Amino acid sequence: GLAINHANNDYNVIIGQDAGTGGNGGTMSYNVAIGGNALNSTGTATHFYSTVIGYDAGTAINSNDASGTVLVGYQAGAALTNGIGNVAIGYQALDAEDDGDHSTAIGYQSLTAQTGTSGTVQNTAVGFKSGLSINTGAQNTIVGTYAADALTDATANVAVGVDALGASASGSQIVAIGHSAVGGANVTTGANGTVGIGKDALVQLTSGIGNVAVGAYALDAEDDGDYN
């Protein structure tokens, strides 16, 4: 809090070398900054209600738009500047995002590559390296270790389970629930809308159109067949 010099900077908790060193001319209140360099770039911006814990966590936040951000972990949300309503918990979780809004990343390197879409993004990823490679993809819901870890620019997917949707880069509107469901091959955009529920359901699917498989190992050998 070294630079805090505004009369209305109140009720902050700041612990760590160079933590919270913004507040130079702006109103900075009701924040928690714990860890070296945490929340240290607010400068003249008004900023409220953020909780930033971890070395280099939230080190680029410079806008009131990012008020209320929650970042916990080494470099969690490290590049975030003015993104709204983001939560990142875990080592390097959401660490590349700058101005995207409404994402939640919980887990080691969860959503670590997400950036490139300004405004509403709305990805939710929970689990070790969940959503690891997503960059411009949006509105994905991902839960599980390595779940959807190859997705890049895909949208509106649901992947729940270890390795669910684990090899697809661009498939969208896919529902994959279960260990490795729709998770063994790169699903092309031609297979958008696929539903696979159960362990290894549609695990080898690549380009098959309009498939729905429910149950353990359901259609686990199918790759390019349609409308099953």
Side-chain angles (χ1 to χ4, degrees), residues 1-126 130-140 152-153 155:
L2 181 65
I4 289 177
N5 62 7
H6 194 282
N8 295 323
N9 287 327
D10 301 316
Y11 307 110
N12 296 291
V13 176
I14 299 172
I15 302 172
Q17 183 173 352
D18 292 330
T21 50
N24 185 7
T27 301
M28 180 177 174
S29 298
Y30 308 103
N31 298 287
V32 175
I34 300 175
N37 301 324
L39 197 63
N40 69 347
S41 296
T42 54
T44 60
T46 297
H47 193 83
F48 299 115
Y49 313 123
S50 288
T51 299
V52 180
I53 301 172
Y55 184 85
D56 277 350
T59 190
I61 290 174
N62 61 10
S63 170
N64 186 43
D65 288 344
S67 288
T69 296
V70 177
L71 306 172
V72 180
Y74 174 80
Q75 293 184 342
L80 194 67
T81 56
N82 61 338
I84 300 169
N86 294 291
V87 175
I89 301 174
Y91 171 86
Q92 294 182 338
L94 203 66
D95 64 318
E97 182 59 84
D98 54 356
D99 59 356
D101 302 337
H102 310 149
S103 288
T104 299
I106 301 176
Y108 181 103
Q109 292 186 333
S110 177
L111 296 179
T112 188
Q114 179 180 303
T115 191
T117 298
S118 300
T120 301
V121 178
Q122 295 179 333
N123 286 314
T124 298
V126 179
S130 54
L132 178 72
S133 302
I134 287 177
N135 43 46
T136 59
Q139 298 177 331
N140 297 288
T152 55
D153 57 353
T155 60

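Computed from heavy atoms alone, side chains included, the values below leave out hydrogens, waters and symmetry copies. Everything numeric here is computed off the predicted structure, so don't read it as measured data. Residues take their numbers from the sequence shown, with the count starting at 1.
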Any donor-acceptor pair under 3.5 Å from Asn31 side chain to Ser29 backbone = yes
note = Value for CG (Asn37) from OH (Tyr55), rounded to nearest 0.5 Å, stands at 5.0 Å
inquiry  = Checking side chain to side chain donor-acceptor pair (under 3.5 Å) between Asn123 and each of Thr155, Thr104, Asn140, which is the one that passes?
reply    = Asn140
Set of residues satisfying side-chain contact (heavy atoms from CB on, under 4.5 Å) with respect to Tyr49, sequence neighbours excluded = Tyr30
ask   = So, does Thr136 use its side chain to make a donor-acceptor pair with the main chain of Gly116 at under 3.5 Å?
value = no
inquiry  = Any donor-acceptor pair under 3.5 Å linking the side-chain atoms of Thr112 with those of Asp95?
reply    = yes
remark   = CG (Leu94) and CD1 (Ile89) are apart, to the nearest 0.5 Å, by 11.5 Å
message = Any side-chain to backbone donor/acceptor pair from Asp101 onto Ile84? Under 3.5 Å, distance only.
response = yes
ask   = With a 3.5 Å cut-off and no angle check, do the side chains of Thr152 and Ser133 form a donor-acceptor pair?
value = no
Minimum-distance pair of heavy atoms, taken over all atoms of His102 and Asn86 = N-OD1, 3.4 Å
ask   = Could you go step by step and tell me if Gln75 and Tyr91 meet the side chain to side chain contact (heavy atoms under 4.5 Å, CB included) rule?
value = CA-CA 7 Å; Gln75 293 184 342; Tyr91 171 86; 5.7 Å; no
key: Exercise: identify the closest heavy-atom pair between Ala125 and Leu111   = CB-CG, 3.6 Å
query = Do you know the tightest heavy-atom contact between Val121 and Ala138?
reply = O-CB, 3.3 Å
request  = Write down the atom of Leu80, the atom of Asp98, and the distance for their closest heavy-atom approach.
outcome  = CD1-O, 3.4 Å
message = Which residue in the set Glu97, Gln114, Gln122 passes side chain to side chain donor-acceptor pair (under 3.5 Å) when paired with Ser103?
response = Gln114
ask   = Would you say the side-chain atoms of Thr81 pair up with the backbone N or O of Asn62, donor to acceptor, closer than 3.5 Å?
value = no
task = Only one of Asn64, Leu39, Asp10 passes side-chain contact (heavy atoms from CB on, under 4.5 Å) with Met28; say which it is.
result = Leu39
note = Residues Gly90 and Ala76: closest non-hydrogen pair is O-CB, 3.8 Å
remark   = d(Asp153 CG, Asn135 CG) to nearest 0.5 Å is 6.5 Å
inquiry  = Nearest 0.5 Å, please: how far is CD in Gln92 from OG in Ser110?
reply    = 12.0 Å
message = Which heavy atom of Ala38 sits nearest to which heavy atom of Ala33, and what is that distance?
response = O-CB, 3.9 Å
